[in-house]
Amino acid sequence: QMTQSPSSLSASVGDRVSITCRASEAIDNFLHWYQQKPGKAPKLLIYDVSTLQNGVPSRFSGSGSGTEFTLTISGLQPEDSAIYYCQQSYFTPPKTFGQGTKVEIK
Amino acid sequence: EVQLVQSGAEVKKPGESLKISCQAFGYSFSTYWIGWVRQKPGEGLEWMGIIYPDDSDVRYNPSFRGAVSFSVDKSTNTAYLQWTSLRTSDTAMYFCARHRGYCSGGSCYLDNWGQGTLLTVS
């Protein structure tokens, strides 16, 4: 099971924001992050904890190990308003998603 | 450029059958797992399972096993998600997604997504 916190947050442009994803058991480094904007398909941001997908801005970063992982946006931009999901692939099936964190811009 | 193009929105009645499609372009279809993700209105993402086109090996999320089935047509680079008897609770957006990595257990992430197929059962 994957648990994200917070469920939602509101921050200003330029802020540094962090989203936490906790696994019920250790998942090695098989943790991935996605961004979903309203009415759109999710988009892969980071895989294997900290590897940035091609084309993703460097203000996005990931860290963590074992059961606790963090997605950080350093210098929040208006276009970062979205829902962010973590996903584990250590246990299969299923490759469980977290419940999502909604990021809003103040 | 990798592209996954899904079939259009569907409106069906309970008990009806349905098959939706996801056609892949721009990569070797047979050698990547391709899977399905459900998103009910206003809710999060649910991983339904994956299929390996080369040999049609399928891994279902236990929550969906028996309710849906996956198939592929390698001649058209198309993956399918099928229901034999729809329920109102199947109303959702369904995304197909290419999976990259070692998807039998290990690093496996969804690197390319279709645009989604909206299914309404009413």
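Below, read A as the first sequence line, B as the second, and so on, with proteins coming before strands; counting in each chain starts at 1. All values derive from a computational prediction rather than experimental measurement.
Within the 4.5 angstrom heavy-atom criterion, no atom of A:Asp28 approaches chain B. For A:Phe91, no part sits under 4.5 Å from any heavy atom of chain B, backbone or side chain. No part of A:Gln88 comes within reach of chain B, as not one of its non-hydrogen atoms sits under 4.5 angstrom from that chain. Using a 4.5 Å cut-off between heavy atoms, A:Tyr85 touches chain B through its side chain atoms alone. The contact between B:Phe95 and chain A is made entirely by side chain atoms (from C-beta outward), counting heavy-atom distances below 4.5 Å. For B:Ser63, no part sits under 4.5 Å from any heavy atom of chain A, backbone or side chain.
Taking the six-membered ring for Trp, B:Phe70 and B:Tyr60 have ring centres closer than 6.0 Å.
Among B:Ser107, B:Gly44, B:Gly114, B:Pro62, the residue with the largest count of heavy-atom pairs under 4.5 Å with chain A is B:Ser107.
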Side chain to side chain donor-acceptor pair (under 3.5 Å) between A:Thr101 and A:Gln4: does it pass, once the steps are laid out?
CA-CA 7 Å; A:Thr101 296; A:Gln4 288 182 231; 3.1 Å; yes
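Side chain of B:Gln115 to main chain of B:Gln6: a donor-acceptor pair is present (N/O by atom type, distance under 3.5 Å, no hydrogens or angles).
Using cut-offs of 30° and 60° for the angle between ring planes, the A:Tyr34 and B:Trp113 rings count as perpendicular.
One finds a salt bridge joining A:Glu79 and A:Arg59 here, because a Lys/Arg side-chain nitrogen approaches an Asp/Glu carboxylate oxygen to under 4.0 Å.
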